[in-house]
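Worth saying up front: this structure is predicted, and the values here are computed from it rather than measured. We count ligands from 1, going down the list as the structure has it; atoms in each ligand are counted the same way.
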Amino acid sequence: MAEKPAPAEAVPAPAGAEILVLVAHPELEQSRANRRMLLAARSLQAVAPPGRIEVRDLYALYPDYLIDVAAEQAALAAAKLVVWQQPVHWYGMPPLLKLWLDDVLAFGWAYGPGGTAVRGKDLWLVATTGGPEDSYRPDSYNRYFFDAFLPPYEQTAALCGMRFLPPLTLHGAHKASEAELAAHAEVYAAKLAGYPDWPEIDSVEPCVECEVPLTARPIDNVMEPV
Ligand SMILES: Cc1cc2nc3c(=O)[nH]c(=O)nc-3n(C[C@H](O)[C@H](O)[C@H](O)COP(=O)(O)O)c2cc1C
């Protein structure tokens, strides 16, 4: 019989770390893949030196969707590698991760004039899909290669001056065997442990400059009384 994964107990997080893993899964208790991956990242956190890795389970931290922006920005500012670990939902990110972007990557902080807080950091998307790899083809039901769904992530990174590292994707998570899930979690943990010494990292294109001009926004946001 398959071994039941241990409960995803939180390990006390260090105050800011080089690797910031943000996990966004709305139903982690139902998860086969992301739960294992979260546990693998947490196991690494437990043995790594202080300041090396911090794992934040966003749905556990913010069940009410009220994100502590200052805490998230502090964690982000300390990181060199930011990981977005998520199941793919409707060809994109789960809603709390989207809200995290809306709230935390603020104009004038993460992008736009004076918005340099995350510039020079690496962003790594770690995603799982229900659809198998061969469903992400023009002749199958997902119609597009999986890469076609990545530009919003890549451009979000670019707008904020972050380098977008090649994503780690597990396709067909519904049907992956226990052995495949375990192997994938191991690969994930090994990549986290080895960062930034990844063989492919030197061939990743540097981030393109995306300056948002001052004129892109109104001078002030003060609403006229109606
Ligand atoms: C609301 C919702 C939307 C989903 N949308 C997609 C999708 O667009 N493409 C896809 O391949 N799988 C989709 N799935 C399947 C999930 O990606 C899949 O259940 C998940 O990656 C499995 O990981 P887990 O075992 O950690 O839950 C969706 C699942 C849910 C619940």
Got a salt bridge between Glu200 and Lys191, using NZ or NE/NH1/NH2 to carboxylate O under 4.0 Å? yes
Could you find the nearest protein heavy atom to atom 22 (C) of ligand 1 and give me its residue, atom name and distance? Ala173 CB, 3.7 Å
Which protein non-hydrogen atom lies closest to atom 21 (O) of ligand 1, naming both residue and atom, and how far is it? Thr128 OG1, 2.6 Å
Identify the closest protein heavy atom to atom 8 (O) of ligand 1: which residue and atom is it, and at what distance? Tyr91 N, 2.8 Å
Between Leu20 and Leu99, is there a shared hydrophobic cluster once you connect ILVMFWY residues whose side-chain heavy atoms come closer than 4.5 Å? yes
Ion pair Arg163/Glu205, N-O distance below 4.0 Å: no
Nearest candidate to atom 14 (N) of ligand 1, where distance is taken over non-hydrogen atoms, out of Asn34, Leu28, Val88, Leu38: Val88
In the protein, what heavy atom is nearest to atom 15 (C) of ligand 1, and what distance, to one decimal place, separates them? Gly130 N, 3.7 Å
Which residue and non-hydrogen atom of the protein lie closest to atom 5 (N) of ligand 1, and at what distance in Å? Trp90 N, 2.8 Å
One finds that the ligand 1 atoms under 4.0 Å from a non-hydrogen atom of Ser31 are 24 (P), 25 (O), 26 (O), 27 (O)
Count I, L, V, M, F, W, Y as connected when their side-chain heavy atoms are under 4.5 Å apart, and connections chain through other members. Are Trp124 and Val21 then in the same cluster? yes
Basic-acidic side-chain contact under 4.0 Å: Arg119, Glu211: yes
Any carboxylate oxygen within less than 4.0 angstrom of a Lys/Arg side-chain nitrogen, looking at Glu178 and Arg36? yes
Find all atoms of ligand 1 within a distance of less than 4.0 Å from any non-hydrogen atom belonging to Pro87, and give their numbers and elements. 20 (C), 21 (O)
How far is atom 31 (C) of ligand 1 from the closest protein heavy atom, and which atom is that? His89 NE2, 3.6 Å
Under a 3.5 Å distance rule, please check whether Lys121 uses its side chain to pair with a backbone N or O of Ala78 as donor and acceptor. no
Which option out of Tyr141, Phe146, Tyr136, Phe149 puts a heavy atom nearest to atom 10 (C) of ligand 1? Tyr136
In terms of atom number and element, which parts of ligand 1 are under 4.0 angstrom from non-hydrogen atoms of Ala33? 24 (P), 25 (O), 26 (O)
Atom 19 (O) of ligand 1: which protein heavy atom is closest, and how many Å away? His174 CE1, 3.0 Å
Going by the 4.0 angstrom heavy-atom rule, the piece of His25 near ligand 1 is side chain
Once you measure the plane-to-plane angle for Tyr153 and Trp84, does it fall in the parallel (<30°), tilted (30-60°) or perpendicular (>60°) bin? tilted
Closest heavy-atom contact between Ser140 and Asp134? CB-O, 3.4 Å
Could you list which atoms of ligand 1 come closer than 4.0 Å to a heavy atom of Arg32? 24 (P), 25 (O), 26 (O)
Do Pro26 and His89 have side chains that approach each other closer than 4.5 Å (heavy atoms only, starting at C-beta)? yes
Atoms of ligand 1 under 4.0 Å from any heavy atom of Gly131, numbered from 1 in the order shown, are 10 (C), 11 (O), 12 (N)
